[in-house]
Each structure stands twice: as structure tokens, then as C-alpha cells.
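Worksheet: one structure, shown below.
Everything numeric in this text was worked out from a predicted model, so none of it was measured.
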Amino acid sequence: MDDFGVAINYCSKCGSKINEHVNKKDSVTALICKSCDAVYYDNPKIIVLSLIDCNGKVLLCKRAIKPRLGYWALPGGYMEKNETVEEAAQRETKEETGVVVEKLHLYTMVSCPKINQVYFVFRGSVTSDYIEIGEESLDAKFYAECDVPWDSLSYKIMNKVLDWYFEDYSNGEYLFRTHDTYEICPD
Ligand SMILES: [Zn+2]
């Protein structure tokens with residue numbers, strides 16, 4: 001996996017092999033097809049995460065897919081076309097845990113320039129702890145702060161966001177935060 005996520009090897013317009021990285025306007029890197037001049041831009045991906053509370057416990061799911069298979073994470077995934085970021089967070093939460101949340105609030109925004117990703121973390125709450133585990137999860141559960149599997153969370157950003165959340169929860173005030181991380185997520 002390179003900066004382009006899944007490597008683009010062939011032009012989808014003319015089928016020629018693509019092997020050129022070009023610098024456009026000094027700093028922007030793109031792939032270009034030498035045969036037909038098609039340009040493939042490489043913009044950052046948007047990832048949504050949901051922090052769903054049920055009576056002070058937060059929803060985590062155990063990943064059934066790589067990377068970080070078997071580790072616990074906030075429900076989330078890539079934003080799709082034709083949806084809002086909030087709808088993306090609602091959809092991913094429902095797909096992975098069966099939990100339906102009516103209203104979400106933007107809670108944290110994380111920039112990851114090294115891996116070309118931006119995370120939008122939403123928070124919301126539900127009154128029922130009913131869960132229906134989706135295909136991308138091995139398990140899903142609402143955890144109290146003292147029971148969170150802190151050493152088995154998928155990425156450090158999960159620890160960070162959960163730390164902030166429980167701190168805000170006990171203070172009774174949720175603060176919007178932005179954070180930049182230069183970590184490269186492990187496989
Ligand atoms: Zn081409």
C-alpha cells in the first residue's frame with residue numbers, strides 16, 4: 001500500500017500502464033497517463049468514527065477485518081459518495097453494531113497528513129444497549145471506562161479520543177477538539 005491506498009497501475013480511460021508520478025504546481029503529486037494525459041488525483045480520504053454513549057458506557061466493536069483484526073475500535077469507516085459525514089457515521093455504526101443513532105454531534109477532527117486521512121469523530125447517545133453484530137465485527141459491546149480494553153484498542157487515536165470523552169463526560173461538558181497526528185498506522 002502506497003500513498004495512493006490501492007496502487008493504480010493502468011489507466012482506466014485507455015488501459016495504458018501508468019508509472020509516472022508528476023509534481024503539479026510544485027507540491028501536489030498526481031499520477032498521469034502518458035498515452036492519453038489522464039490525471040489521477042490523490043486526495044485525502046475521509047474516515048468517520050462514532051462515539052456512542054449508553055448510560056455512561058461507550059460502544060466499541062472488535063474488528064473482524066484487517067488491518068488490526070481482533071482489536072477494539074470505535075465503529076466507523078470510509079465516507080461514501082452521496083452522503084453527509086453524519087450519515088456516514090450513522091451508516092457505519094448501524095452496519096458494524098446494529099445500533100441506530102438519531103442525532104450525532106461533531107466531536108473531534110483529526111488530520112493524519114502522513115497517511116492522507118482525515119477523521120471526523122461524532123458523538124451521540126442511545127437509550128437501549130441492543131446490539132446486532134455486523135459482518136465486519138467479531139463482537140460489539142458498550143464499555144464503562146474501567147472496563148475498556150485499553151491495551152487492545154486498534155490505534156492510538158482511539159485511546160486519545162476515549163480519554164477525552166471520559167474526561168468531558170465526568171466534567172459534564174463536551175469540548176470540540178482538533179488534533180494532528182503524524183503516526184503511520186500499523187498493519
Ligand atoms: Zn490513458
Side-chain angles (χ1 to χ4, degrees), residues 1 5-6 43-54 57-126 128-145 147-169 174-187:
M1 200 141 152
V6 176
N43 301 111
K45 297 277 189 291
I46 292 174
I47 292 172
V48 292
L49 295 173
S50 295
L51 224 163
I52 308 300
D53 175 286
C54 183
K57 297 180 175 183
V58 298
L59 180 60
L60 296 176
C61 46
K62 195 174 192 178
R63 293 174 61 85
I65 51 169
K66 288 181 176 178
R68 307 302 273 166
L69 194 154
Y71 285 82
W72 291 85
L74 295 170
Y78 289 102
M79 184 182 180
E80 303 279 2
K81 288 180 181 174
N82 304 313
E83 66 183 358
T84 67
V85 276
E86 184 180 353
E87 286 166 353
Q90 287 167 320
R91 176 184 50 75
E92 287 288 349
T93 303
K94 186 163 186 286
E95 281 175 9
E96 294 178 359
T97 68
V99 172
V100 176
V101 58
E102 295 291 328
K103 182 66 194 161
L104 290 171
H105 308 271
L106 185 57
Y107 182 56
T108 308
M109 191 183 73
V110 182
S111 291
C112 314
K114 284 266 183 197
I115 53 171
N116 299 315
Q117 294 179 345
V118 180
Y119 288 74
F120 287 97
V121 187
F122 287 86
R123 65 174 182 84
S125 56
V126 290
S128 161
D129 62 2
Y130 173 79
I131 281 171
E132 199 178 314
I133 298 162
E135 283 180 8
E136 292 182 3
S137 304
L138 296 170
D139 197 2
K141 198 179 160 186
F142 284 95
Y143 279 103
E145 183 177 7
D147 297 323
V148 167
W150 293 103
D151 296 332
S152 304
L153 295 176
S154 59
Y155 299 108
K156 281 181 187 164
I157 194 63
M158 303 287 171
N159 295 63
K160 225 176 243 304
V161 171
L162 284 165
D163 274 341
W164 286 329
Y165 184 78
F166 286 118
E167 188 186 323
D168 288 354
Y169 180 79
Y174 298 100
L175 304 173
F176 175 74
R177 293 175 179 82
T178 58
H179 179 71
D180 302 331
T181 176
Y182 291 85
E183 278 181 49
I184 295 167
C185 295
D187 291 329

Worksheet entry | Ser50 versus Thr93, closest heavy-atom pair with distance | OG-OG1, 2.9 Å
Worksheet item: Out of curiosity, Phe122 CZ to Leu49 CG, how far, rounded to the nearest 0.5 Å?
Response: 10.0 Å
Discussion item. Rounded at 0.5 Å granularity, tell me how far CE in Met79 sits from CD1 in Ile46.
Written reply: 5.0 Å
Discussion item. Nearest 0.5 Å, please: how far is CZ in Arg123 from NE2 in His105?
Written reply: 5.0 Å
Item to complete: Verify side-chain contact (heavy atoms from CB on, under 4.5 Å) between Trp150 and Asn159, making sure each step is shown before the conclusion.
Response: CA-CA 7 Å; Trp150 293 103; Asn159 295 63; 4.0 Å; yes
Item to complete: Write down the atom of Leu138, the atom of Gly70, and the distance for their closest heavy-atom approach.
Response: CD1-CA, 4.2 Å
Fill in: Ser137: partners by side chain to side chain contact (heavy atoms under 4.5 Å, CB included), with sequence neighbours left out
Cys61, Glu96, Ile133
Practice prompt. Just jot down the ring pair (Phe, Tyr, Trp, His ring centres under 6.0 Å) partners of Tyr143, sequence neighbours excluded, or say none.
Written response: Trp72
Response to the item:
All heavy atoms of Ile131 vs all of Ala140, minimum pair found to be CD1-O, 3.6 Å
Practice prompt. State the CZ-NZ distance between Arg68 and Lys62, to the nearest 0.5 angstrom.
Written response: 13.0 Å
Worksheet entry | Ser154 to Arg63 - nearest heavy-atom pair and separation | CB-CD, 4.0 Å
Side-chain polar contacts of residues 80-90 - donor-acceptor pairs under 3.5 angstrom, sequence neighbours left out - could you list them?
residue, atom, partner, partner atom, Å
Glu83, OE1, Arg91, NE, 2.9
Glu83, OE2, Glu80, N, 2.7
Glu83, OE2, Arg91, NE, 3.4
Glu83, OE2, Arg91, NH2, 2.7
Thr84, OG1, Glu87, N, 3.0
Glu86, OE2, Leu104, N, 3.3
Glu87, OE1, Thr84, N, 3.0
Gln90, NE2, Val101, O, 3.1
Gln90, NE2, Glu102, O, 3.0

Discussion item. Rounded at 0.5 Å granularity, tell me how far CG in Leu51 sits from CG in Leu162.
Written reply: 5.5 Å
Worksheet item: Who pairs with Tyr71 by side chain to side chain donor-acceptor pair (under 3.5 Å), at least two apart in sequence or on another chain?
Response: none
Item to complete: For Asp168, enumerate each residue passing the salt bridge (charged side-chain N to carboxylate O under 4.0 Å, His left out) test, keeping only those at least two apart in sequence or located in another chain.
Response: Arg177
Worksheet item: Would a 4.5 Å heavy-atom cut-off, applied to side chains only, mark Ile47 and Cys112 as touching?
Response: no
Worksheet item: Measuring from Glu95:CD to Glu135:CD, what's the distance to the nearest 0.5 Å?
Response: 9.5 Å
Worksheet item: Taking only residues two or more places apart in sequence or in another chain, which ones pass ring pair (Phe, Tyr, Trp, His ring centres under 6.0 Å) with His179?
Response: Trp164
Worksheet entry | Residue list, side chain to side chain contact (heavy atoms under 4.5 Å, CB included) with Tyr169, at least two apart or on another chain | Asp53, Tyr165, Tyr174
Practice prompt. Mind checking ring pair (Phe, Tyr, Trp, His ring centres under 6.0 Å) for Tyr130 and listing every partner two or more places apart, or none if nothing turns up?
Written response: none
Item to complete: Output all residues satisfying side chain to side chain contact (heavy atoms under 4.5 Å, CB included) with Lys57, sequence neighbours left out; order by chain, then residue number.
Response: Phe142, Ala144
Worksheet entry | Audit row: Leu74, Tyr155, side-chain contact (heavy atoms from CB on, under 4.5 Å) steps and yes/no | CA-CA 10 Å; Leu74 295 170; Tyr155 299 108; over 6 Å; no
Worksheet item: For Asp180, which residues count as a side chain to side chain contact (heavy atoms under 4.5 Å, CB included) partner, sequence neighbours excluded?
Response: Ser111, Tyr182
Worksheet item: Which pairs, with at least one residue in residues 151-160 and sequence neighbours excluded, count as a salt bridge (charged side-chain N to carboxylate O under 4.0 Å, His left out)?
Response: none
